[in-house]
Q: 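Here it is: the structure, laid out below.
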There are 2 protein chains.
Amino acid sequence: MVNYYSATLDAVFSALGDPTRRAILARLAHGASRVTELAAPHDMSLPAISKHLRVLETAGLVRKEKDGRVIRCSLEPGPLKDAADWIAHYQRFWDGRLDALADYIERLEE
Amino acid sequence: MVNYYSATLDAVFSALGDPTRRAILARLAHGASRVTELAAPHDMSLPAISKHLRVLETAGLVRKEKDGRVIRCSLEPGPLKDAADWIAHYQRFWDGRLDALADYIERLEE
DNA sequence: ATAATAGTTAACCATTTGGTTTAATATTGG
DNA sequence: CCAATATTAAACCAAATGGTTAACTATTAT
């Protein structure tokens, strides 16, 4: 059995599969933010947001820093790059560079 | 509540969150393949693979064409591009182009 | 000291997910 | 016609997911 397993990609792509979590990341792209602020736009309880944040944190997409009773959340882009890199392997399928596709296939055969 | 919802991104990222499905896509990048062929490398029953294929198909990542009793599956790259485009919004966070970040923030303020 | 604020934890629930096995449906070959 | 092949469908199961409310912890303010 071929092993394409990557716990990182599992966690990152799964985390991105939820609209609330993508919205949180979009919000964090504007700058770090506390939990309550992140929760505000969502029609959802605070514990629910807390859970989403843990999912993002586990995936390495968000870092939390405790400052007094406030927790400051910030975007951690590394895993997003991993995801982008994975997808980039397929870019040749949509960007019309069929020469690159040919190169790729050729290299595979060797 | 801000609406960042995208059913497409939900489906695509969720689909990519499973290693078996990523492996299937990687296999399809080498060319179209029938279901049994796709199942072969995996230590998993055929119905399980069939389900994974439906997930991929629902996400628009795989197309199935029935040819006799064989079903030919092929890679459908469109949704991958959607996913890549979404992630690309965050590229400025890891590629060191902080000028682009400044531009982006500025445009947001307007 | 007490109350308010920020956030998490715990317990619970319904639904989804990812797998199984067994049965069914087409299609092809002898 | 009958058997084999390719695949899906159905029924089932355990675990994970995404949400809730209520209770708890820690910190700040009065």
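Because the structure is a prediction, the values reported are computed rather than measured. Here is how names work: the chains are called A, B, and so on, in the same order as the sequence lines, proteins then strands, and each is numbered from 1.
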Q: Looking at B:Lys66, does any N or O in its side chain come under 4.0 Å of the phosphate oxygens OP1/OP2 on D:dT8?
A: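 For D:dT8, neither OP1 nor OP2 has a side-chain N or O of B:Lys66 closer than 4.0 Å.
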Q: Taking NZ, NE, NH1 and NH2 as the nitrogens, is one of them in B:Arg63 or B:Glu57 under 4.0 Å from a carboxylate oxygen of the other?
A: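 Result for this pair is no, no salt bridge flagged.
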Q: Between B:Gly68 and B:His52, which is nearer to the 5' end of DNA chain C once each is assigned its nearest nucleotide?
A: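 Mapping each residue to its closest nucleotide by heavy atoms, the 5'-most match is B:His52.
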Q: For C:dT20, does OP1 or OP2 lie under 4.0 Å from any side-chain N or O of B:Ser45?
A: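 Answer yes for this pair, as a side-chain N or O of B:Ser45 is under 4.0 Å from OP1 or OP2.
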Q: Are OP1 or OP2 of C:dT9 and a side-chain N or O of A:Arg54 less than 4.0 angstrom apart?
A: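 The answer is yes; a side-chain N or O of A:Arg54 sits under 4.0 Å from OP1 or OP2.
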Q: Reckon B:Lys51 has a side-chain N or O less than 4.0 Å from the OP1 or OP2 of D:dT8?
A: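 Negative; the distance criterion is not met.
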Q: What contact category does B:Leu46 fall into here, base, sugar-phosphate, or nothing, at under 4.0 angstrom with non-hydrogen atoms?
A: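 Touches a base.
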Q: Scan B:Arg21 against the nucleic acid and name what it touches under 4.0 Å (heavy atoms): base, sugar-phosphate only, or nothing.
A: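 The residue B:Arg21 makes sugar-phosphate contact but no base contact.
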Q: Okay, side chain of A:Arg22, backbone of A:Leu16: is any donor-acceptor separation there less than 3.5 Å?
A: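 Answer holds: yes.
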Q: Between D:dA4, D:dT8, C:dT8, spot the one nearest the side chain of A:Ile71, thanks.
A: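 Minimum distance to the A:Ile71 side chain belongs to C:dT8.
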Q: Taking the side chain of A:Arg34 as heavy atoms from C-beta outward, which of D:dT20, C:dA6, C:dT20 is closest to it?
A: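 Nearest listed nucleotide: C:dA6.
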Q: For A:His42 and A:Ala23, which heavy atoms make the closest approach, and how far apart are they?
A: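 Where A:His42 meets A:Ala23 most closely, the heavy atoms are CE1-CB, 3.6 Å.
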Q: Can you give me the closest heavy-atom contact between A:Gly60 and A:Pro79, atom names plus distance?
A: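 For A:Gly60 and A:Pro79, the tightest heavy-atom pair comes out as O-CG, 3.3 Å.
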Q: Which of these nucleotides, C:dA4, C:dG19, C:dT9, is closest to any side-chain atom of A:Pro47?
A: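 Output: C:dT9.
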